[in-house]
Amino acid sequence: MIRAVKGTRDILPPSSAVWNGVESAAREVFRAYNYEEIRTPILEEKALFARSVGQETDIVSKEMYTFTDRDGSELVLRPEATASVMRAYIEHRLDQRPGVQKLYYIGPMFRRERPQKGRYRQFFQIGAEAIGSESPAVDAEVIEMVIEILRRVGIEDSQLLLNSVGCPKCRPGFVAALRDQLKDVVQRMCADCQRRSETNPLRVLDCKVPEDQPIIDALPSILDYLCEECRTHFDAVRSYLDDRGIAYEVRPRLVRGLDYYTRTTFEITHGALGAQNSLLGGGRYDGLAEALGSRVPAPGIGFSIGEDRLVMTVEESEPEKRRHEIDLYIAPLGDAALRHAALVARNLRRQGLCVELGADVKLKRAMELANKLGARYALLIGDTELASGTYVLKDMASGEQRSATRNQLLDSITRNSDKDR
RNA sequence: GCGGCUUUAGCUCAGCUGGUAGAGCGCCGGAUUGUGGUUCCGGAUGUCACGGGUUCGAACCCCGUAAGCCGCCCCA
């Protein structure tokens with residue numbers, strides 16, 4: 001048997017309905033904040049991510065699906081979308097369009113990691129980017145927007161973590177100070193930290209080993225090393241969030257794994273997701289455009305929601321799965337009725353009803369199917385009905401039956417459905 | 001990439017100290033042929049994840065592989 005490849009999966013009904021619900025909720029919020037959709041290719045040049053996400057990050061150095069195309073070019077399945085959006089922004093000179101460019105995307109990303117709950121090799125992200133402003137007001141609005149999306153899908157009990165990782169002007173000073181202090185204490189830390197202190201000292205701050213925590217707490221904080229501009233920017237973001245009544249926790253140790261982040265970084269976590277408790281992450285990337293070869297600066301900020309994890313959380317918080325319903329099941333009895341029923345069905349479908357036209361099965365079986373498929377009404381069409389021109393319309397919930405002419409059908413069904421809802 | 005646990009029907013699972021499989025739900029059919037939900041009766045479905053090994057005999061013991069889950073790493 002051929003199975004879905006490791007780390008990928010099929011999204012089947014009724015779960016697919018939850019996915020659609022999450023996506024349309026997001027689209028509505030994006031619309032309200034005047035974000036427009038961008039669709040970028042899943043295939044990109046490898047260099048795009050090496051230059052943006054960072055050659056030395058795990059994502060680029062060991063998790064990308066890479067292949068050499070027939071013409072020799074190195075291509076990858078995109079591991080994230082921000083780099084692609086920025087690439088498109090530069091390529092199509094979106095800086096020439098008026099105002100801040102506010103773009104959103106929904107689609108699959110690929111990273112070759114060890115799969116586990118909430119982590120897949122093909123996973124979906126819902127994300128947005130606001131490019132063309134370094135105003136802290138944009139940061140606050142972006143964060144507000146993503147919280148609105150969560151609220152819209154019924155998630156209220158999440159936690160917003162906030163930090164500033166500085167800029168190329170002040171971060172090197174912090175890293176140097178960190179290295180300096182680590183020299184004296186690193187031999188008392190876990191093996192991973194000993195390695196990280198050489199390769200990526202910032203990652204030491206993210207260590208979860210309990211014994212290391214007292215040591216880490218004594219290490220310098222990035223917030224004490226921010227330059228004047230970064231400090232002012234971060235304070236402004238915080239006060240704009242306060243204005244909105246958005247609660248957050250400053251986590252000086254929140255380090256993100258992509259090299260392009262500057263200044264504001266944030267993450268929203270949710271319990272019951274297990275080890276992969278991060279629902280979404282984001283941040284500012286003021287130097288990204290230049291890193292990708294743009295001659296005009298294009299400071300921006302964005303986020304990306306792990307849609308798989310969001311859907312998982314929604315499904316857990318609303319276990320009463322709404323049953324898939326259809327408006328009408330038509331049970332034709334005999335070939336003449338079947339032909340006639342097809343026309344009735346097409347007419348009602350054109351009016352917007354969800355109609356299932358039964359195959360030519362026995363009436364008992366037809367009613368059974370109408371019930372199992374969740375039909376609100378069943379319509380019986382047989383020789384008697386064809387002759388008289390009136391059909392038998394049955395309310396599946398109450399069991400009541402009455403006759404209706406073809407012209408009365410739509411009215412009978414919709415009027416009662418309005419009453420029910 | 002590393003470690004631990006798991007894998008039996010579509011789903012959730014049982015299966016004793018090795019004797020070649022079961023339940024519930026679901027699915028399909030029937031209970032006088034134009035009426036569902038409840039009930040009753042009946043039925044189908046498994047290479048017991050895959051490949052080796054031990055044994056007269058393996059779902060069960062051993063080895064390997066794969067997949068899933070849980071950690072690590074990393075991240076969404």
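For clarity, every value in this text was computed on a predicted model and none was experimentally measured. Chain naming here is simple, since letters A, B, ... match the order of the sequence lines and numbering starts at 1 in each.
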Chemist: Identify the heavy atoms of A/Leu223 and A/Pro252 that sit nearest to each other, and give their distance.
Modeler: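 Smallest heavy-atom distance, with atoms named: CD1-CG, 4.0 Å.
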
Chemist: When all nucleic acid strands are considered with a 4.0 Å heavy-atom cut-off, which category describes A/Leu369: base, sugar-phosphate, or nothing?
Modeler: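 The answer is nothing, as A/Leu369 stays clear of every strand by at least 4.0 Å.
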
Chemist: Rounded to whole angstroms, how far apart are CE on A/Met367 and P on B/G29?
Modeler: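 Spelled out: CE on A/Met367 to P on B/G29 is 16 Å.
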
Chemist: Could you work out the separation of B/U7 and B/G51 based on their C1' atoms and round it to a whole Å?
Modeler: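 Taking atom C1' in both B/U7 and B/G51, they lie 15 Å apart.
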
Chemist: Considering only B/G34, B/C69, B/C74, which nucleotide approaches the side chain of A/Leu333 most closely?
Modeler: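 The closest nucleotide is B/G34.
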
Chemist: Quick check on RNA chain B: between A/Phe124 and A/Val5, whose nearest nucleotide comes earlier from the 5' end?
Modeler: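 By nearest-heavy-atom nucleotide position, the 5'-most residue is A/Val5.
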
Chemist: What about A/Glu385: does its side chain form a donor-acceptor pair under 3.5 Å with the base of B/G34?
Modeler: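 Indeed, a donor on one side and an acceptor on the other fall under 3.5 Å apart.
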
Chemist: Which base sits across from B/C72 as a Watson-Crick or G-U pair, both distances under 3.5 Å?
Modeler: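 Paired with B/G1.
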
Chemist: Using a heavy-atom cut-off of 4.0 Å across all strands, would you classify A/Glu63 as base, sugar-phosphate, or nothing?
Modeler: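 A/Glu63: backbone/sugar contact only, no base atoms under 4.0 Å.
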
Chemist: How many Å lie between NZ on A/Lys372 and C1' on B/U38, as a whole number?
Modeler: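 Whole-Å distance recorded here is 13 Å.
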
Chemist: Evaluate the ring planes of A/Trp19 and A/Phe124, with Trp represented by its six-membered ring, and classify them as parallel (under 30°), tilted (30 to 60°) or perpendicular (over 60°).
Modeler: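 Perpendicular: the ring planes of A/Trp19 and A/Phe124 meet at over 60°.
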
Chemist: Mind checking the P distance from B/A44 to B/G29? Whole angstroms is fine.
Modeler: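 Between the two P atoms, the distance is 15 Å.
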
Chemist: Using a heavy-atom cut-off of under 4.0 Å over every strand shown, decide if A/Met109 touches base, sugar-phosphate, or nothing.
Modeler: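 No contact.
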
Chemist: Of all the choices, B/C74, B/A76, B/G71, which nucleotide is nearest to the side chain of A/Arg114 once you look at every atom?
Modeler: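 Nearest nucleotide to the side chain: B/G71.
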
Chemist: Closer than 4.0 Å, any side-chain N/O of A/Lys6 to the OP1 or OP2 of B/A67?
Modeler: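 A/Lys6 to B/A67 OP1/OP2: side-chain N or O found under 4.0 Å.
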
Chemist: Pick base, sugar-phosphate or nothing for A/Leu280, based on heavy-atom distances below 4.0 Å to the nucleic acid.
Modeler: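 Sugar-phosphate contact only.
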
Chemist: Is there a donor N/O on one and an acceptor N/O on the other, under 3.5 Å, for the side chain of A/Asn371 and the base of B/G36?
Modeler: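 By the distance-only test, yes, there is a pair.
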
Chemist: Taking pairing as Watson-Crick or G-U wobble with both contacts under 3.5 Å, can you name the mate of B/U32, or confirm there isn't one?
Modeler: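 Across all strands, not a single nucleotide pairs with B/U32.
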
Chemist: Tell me the interatomic distance from A/Leu363, atom CG, to B/G36, atom P, rounded to whole angstroms.
Modeler: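 From A/Leu363 CG to B/G36 P: 8 Å.
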
Chemist: Testing the basics here: between A/Pro41 and A/Arg87, what is the closest heavy-atom pair and its distance to 0.1 Å?
Modeler: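 That closest heavy-atom pairing would be CD-NH1, 4.1 Å.
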
Chemist: If the C1' atom of B/G43 is compared with that of B/A9, how far apart are they to the nearest Å?
Modeler: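 To the nearest whole Å, 14 Å.
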
Chemist: Have a look at A/Glu368 and say if it touches a base, only the backbone sugar-phosphate, or nothing, with a 4.0 Å heavy-atom cut-off.
Modeler: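 Touches sugar-phosphate only.
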
Chemist: Taking the P atom of each, how far is B/U45 from B/C5, in whole Å?
Modeler: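 Straight-line distance between the two P atoms is 36 Å.
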
Chemist: Using both distances under 3.5 Å as the test, list the Watson-Crick or G-U wobble partner of B/C61, or none.
Modeler: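 With both distances under 3.5 Å, B/C61 matches B/G53.
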
Chemist: It should be established whether A/Lys364 places a side-chain nitrogen or oxygen under 4.0 Å from OP1 or OP2 of nucleotide B/U32.
Modeler: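 False: A/Lys364 side-chain N/O out of range (4.0 Å or more) of B/U32 OP1/OP2.
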
Chemist: List the atom of A/Gln125, the atom of A/Glu80, and the distance in Å for their closest heavy-atom pair.
Modeler: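 That would be OE1-CA, 4.2 Å.
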
Chemist: CZ of A/Arg112 versus P of B/C75: gap in Å, rounded?
Modeler: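 In whole Å, B/C75 P and A/Arg112 CZ are 18 Å from each other.
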
Chemist: Closest heavy-atom contact between A/Tyr329 and A/Ala375?
Modeler: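 So the minimum-distance heavy-atom pair works out to CB-CB, 3.8 Å.
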
Chemist: When the P atoms of B/A49 and B/U12 are compared, how many Å lie between them, rounded to an integer?
Modeler: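 Straight-line distance between the two P atoms is 15 Å.
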
Chemist: Using purine N1 to pyrimidine N3 plus N6-O4 or O6-N4 for Watson-Crick, or N1-O2 and O6-N3 for G-U wobble, both under 3.5 Å, which nucleotide pairs with B/A67?
Modeler: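 Base partner found: B/U6.
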
Chemist: Round to a whole Å and report the spacing from CD1 of A/Ile106 to C1' of B/A76.
Modeler: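 A/Ile106 atom CD1 is separated from B/A76 atom C1' by 15 Å.
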
Chemist: Is there a donor and acceptor pair, one atom on the side chain of A/Arg365 and one on the base of B/C28, closer than 3.5 Å?
Modeler: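 Result: no qualifying N/O pair found.
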
Chemist: Just to verify, which of A/Glu63, A/Met109, A/Arg112 counts as forming a side chain to side chain contact (heavy atoms under 4.5 Å, CB included) with A/Arg121?
Modeler: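 It is A/Arg112, the one option of A/Glu63, A/Met109, A/Arg112 that forms the side chain to side chain contact (heavy atoms under 4.5 Å, CB included) with A/Arg121.
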
Chemist: Taking pairing as Watson-Crick or G-U wobble with both contacts under 3.5 Å, can you name the mate of B/G18, or confirm there isn't one?
Modeler: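 Pair assignment: B/G18 / none.
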
Chemist: Using a cut-off of less than 4.0 Å, is there contact between a side-chain N or O of A/Arg3 and OP1 or OP2 of B/A49?
Modeler: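 No.
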
Chemist: At under 4.0 Å between heavy atoms, what does A/Gly399 touch on the DNA or RNA strands: base, sugar-phosphate, or nothing?
Modeler: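 Base contact - A/Gly399 has a heavy atom under 4.0 Å of at least one base atom.
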
Chemist: Record whether the side chain of A/Arg119 comes under 3.5 Å of the base of B/C73 through a donor-acceptor pair of N or O atoms.
Modeler: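 Check passes, donor-acceptor contact within cut-off.
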
Chemist: Does a donor on one side chain and an acceptor on the other come within less than 3.5 Å for A/Arg27 and A/Tyr104?
Modeler: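 Yes, a side-chain donor-acceptor pair sits under 3.5 Å.
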
Chemist: Taking B/G52 as the reference, what is the distance to B/C13 when you measure between their C1' atoms (whole Å, please)?
Modeler: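 B/C13 and B/G52 have their C1' atoms separated by 29 Å.
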
Chemist: Strictly by Watson-Crick or wobble contacts shorter than 3.5 Å, is anything paired with B/A23, and which nucleotide is it?
Modeler: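 B/U12 is the nucleotide pairing with B/A23.
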
Chemist: In this structure, how many angstroms lie between the C1' atom of B/G36 and the CD atom of A/Glu325, rounded?
Modeler: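 Atom-to-atom, A/Glu325 to B/G36, this comes out as 15 Å.
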
Chemist: Considering only side-chain heavy atoms of A/Asp58, which listed nucleotide, B/C73, B/G34, B/G37, is closest?
Modeler: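 In terms of side-chain proximity for A/Asp58, the closest of B/C73, B/G34, B/G37 is B/C73.
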
Chemist: Is any side-chain N or O of A/Lys362 closer than 4.0 Å to OP1 or OP2 of B/G36?
Modeler: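 Indeed not, no polar side-chain atom of A/Lys362 lies that close.
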
Chemist: Does A/Gly374 reach a base, just sugar-phosphate, or nothing at all? Heavy atoms under 4.0 Å.
Modeler: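 Touches nothing.
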
Chemist: Under 4.0 angstrom, heavy atoms only, what part of the nucleic acid is A/Ala337 near: base, sugar-phosphate, or nothing?
Modeler: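 Result for A/Ala337 = nothing.
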
Chemist: Before you tell me yes or no, could you show the steps for A/Tyr89 and A/Leu292 under side chain to side chain contact (heavy atoms under 4.5 Å, CB included), namely the whole-Å CA-CA distance, both residues' side-chain angles and the distance that decides it to 0.1 Å?
Modeler: CA-CA 11 Å; A/Tyr89 178 94; A/Leu292 291 178; over 6 Å; no

Chemist: On a plain distance test, is the side chain of A/Arg111 in donor-acceptor contact with the base of B/C75 below 3.5 Å?
Modeler: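 Looking at the base of B/C75, it does not pair with any donor or acceptor on the side chain of A/Arg111 (distance under 3.5 Å).
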
Chemist: Nearest whole Å is fine: how far is B/C74 P from A/Glu267 CD?
Modeler: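 Result: 13 Å.
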
Chemist: Just the rounded figure in Å: distance from C1' of B/C75 to CZ of A/Arg253.
Modeler: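 So the two atoms are 18 Å apart, to the nearest Å.
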
